[in-house]
There are 2 protein chains.
Amino acid sequence: MTNEISFFENPEGTREEILEATFYALRQHGYAELTISKIGDEFGKSQSLIYHHYDNKDELLVDLLDYMLEQVENQVPLPNQSPEAYIEVIIDEIFGTSSNSDVEFSQAVIELRAQAAHDDDYNRLFRRSDDFIRKQIARVIQAGVDAGAFDVEDPSQTAALFHTVLVGIQAERITSDEDTIDDVRAEFRRYVEHCLLSESHAE
Amino acid sequence: MTNEISFFENPEGTREEILEATFYALRQHGYAELTISKIGDEFGKSQSLIYHHYDNKDELLVDLLDYMLEQVENQVPLPNQSPEAYIEVIIDEIFGTSSNSDVEFSQAVIELRAQAAHDDDYNRLFRRSDDFIRKQIARVIQAGVDAGAFDVEDPSQTAALFHTVLVGIQAERITSDEDTIDDVRAEFRRYVEHCLLSESHAE
DNA sequence: TGTATGTGATTGAACGTTTAGTCAGCCACA
DNA sequence: TGTGGCTGACTAAACGTTCAATCACATACA
């Protein structure tokens, strides 16, 4: 129900505990410095045990990405509200609550996305997740158009820009200060008001 | 004069040859799998020689990033044209010529950007480069406002969104197909027409 | 109740390989 | 006769992975 990322709050079973440990090790050391030994440290148990549950390091990391993208997809709000309200929620999701765990999660996702350039499994998972999110946004925009609230050229085209800004913010958060992010948010709102809401609402 | 990335066309001196080799090794194997030995292979000469010119791997990689971001900054077009024409050039730069070398360069940059989360040197370099680009764009938008061609709330705010889209496209290019990128481009043009150009131009 | 049998979690030690980095010395040219 | 570019051989540490061996615990049978 809550939109907070309650990621790994109470892991069920050893496999999920290992995923949790892998996530924290990834956050702390980064992908390039991520080792089974460091995951084992975070895990609290021996690193041999990891191999009891996963065939190898690659399989573990792919499973982690799968798990994380599932969380991302679940975080996309349900279209059980008016299109206008939904867009507000989407914007909040994109620019985040600037809570620490949100930022750390985003950074981990971006780090894994970078690996997609050299790993087909990663590539496949991100394609699926990105498509899902874009289509979800496009659906709601289409609903807003049908209801006369929005006025756009092509909903899936608009959704594509939404998604690019989402990814861009994730990547920029690594280095940019909060003021810059706020600037982007303000300008993106201006875009939504001028290019999405229909005349009657824009006023 | 040309906007093509004539990156590493004719390296001057051994250090630049090493940077070139490092870049290609990074492209081929990715940051996580990047080793001195692989750089040496690409280099054509022994890996010991690398240590003759660089103290250690970190120094070499930081130097590469510095070098690459210098290229990025030099690629930002000069403001020697009308603001309207400049914006067109910027949009072309953001969405790229989809030439192979451009995409590969972008992917390498994004991969290094992800490392900025765990490396202060990388963080510093990206901050400087991002600030430079944002300010350059903001300056031109301000000029457009002064000339009456543009009508925005706050030029640096608009520039911030430009930059986010730039970074977002870089990150999305890893996994997205060209059609999606084209959608983003079309929608971003719509944004520029509705939110940047002043009424008289928007027609 | 006591004993055998099986199962999954868990470990520490060990394996072969790869890694970043060192070093003594070679070669060409001034 | 140096001096700087350059190399191959080397090392210690870290790496992913395997494995034999425990442990806790359930089930089944006498």
Taking side-chain hydrogen bond (donor to acceptor under 3.5 Å, both in side chains) as the definition, give me every residue that meets it alongside A:E104, ordered by chain and number, with sequence neighbours left out.
none
How far apart are the C-alpha atoms of B:Q107 and B:R173, what are their side-chain angles, what is the distance that settles it, and do they pass the side chain to side chain donor-acceptor pair (under 3.5 Å) test?
CA-CA 8 Å; B:Q107 288 192 1; B:R173 250 196 225 287; over 6 Å; no
Dump the intermediate steps for side chain to side chain contact (heavy atoms under 4.5 Å, CB included) on B:T158 and A:D183, then the final yes or no.
CA-CA 8 Å; B:T158 304; A:D183 274 355; over 6 Å; no
Give me the first and last nucleotide of DNA chain D, going 5' to 3', that has any atom under 4.0 Å from a heavy atom of chain A.
D:dC15 to D:dC19
Let me check something: any side-chain donor-acceptor pairs from residues 145-154 of chain A under 3.5 Å, sequence neighbours excluded? List them with distances.
residue: A:D146; atom: OD1; partner: A:Q142; partner atom: NE2; Å: 3.0
residue: A:D154; atom: OD1; partner: A:S156; partner atom: N; Å: 3.2
residue: A:D154; atom: OD1; partner: A:S156; partner atom: OG; Å: 3.3

Quick note, ring-ring contact (aromatic ring centres under 6.0 Å, His included) partners involving residues 160-184 of chain A, not counting sequence neighbours, are A:F162-A:F188
Decide whether a cation-pi geometry holds between A:R127 and A:F132; the criteria are a distance under 6.0 Å from NZ or CZ to the six-membered ring centre and an angle within 45° of the ring axis.
no
Go through the structure and list residues passing side chain to side chain contact (heavy atoms under 4.5 Å, CB included) with B:V62, not counting sequence neighbours.
B:D121, B:Y122, B:L125
Going 5' to 3' through nucleotides 7-20 of chain C, assign each nucleotide B (protein heavy atom under 4.0 Å from a base atom), S (under 4.0 Å only from sugar-phosphate atoms) or - (no protein heavy atom that close).
-SBBBB------SS
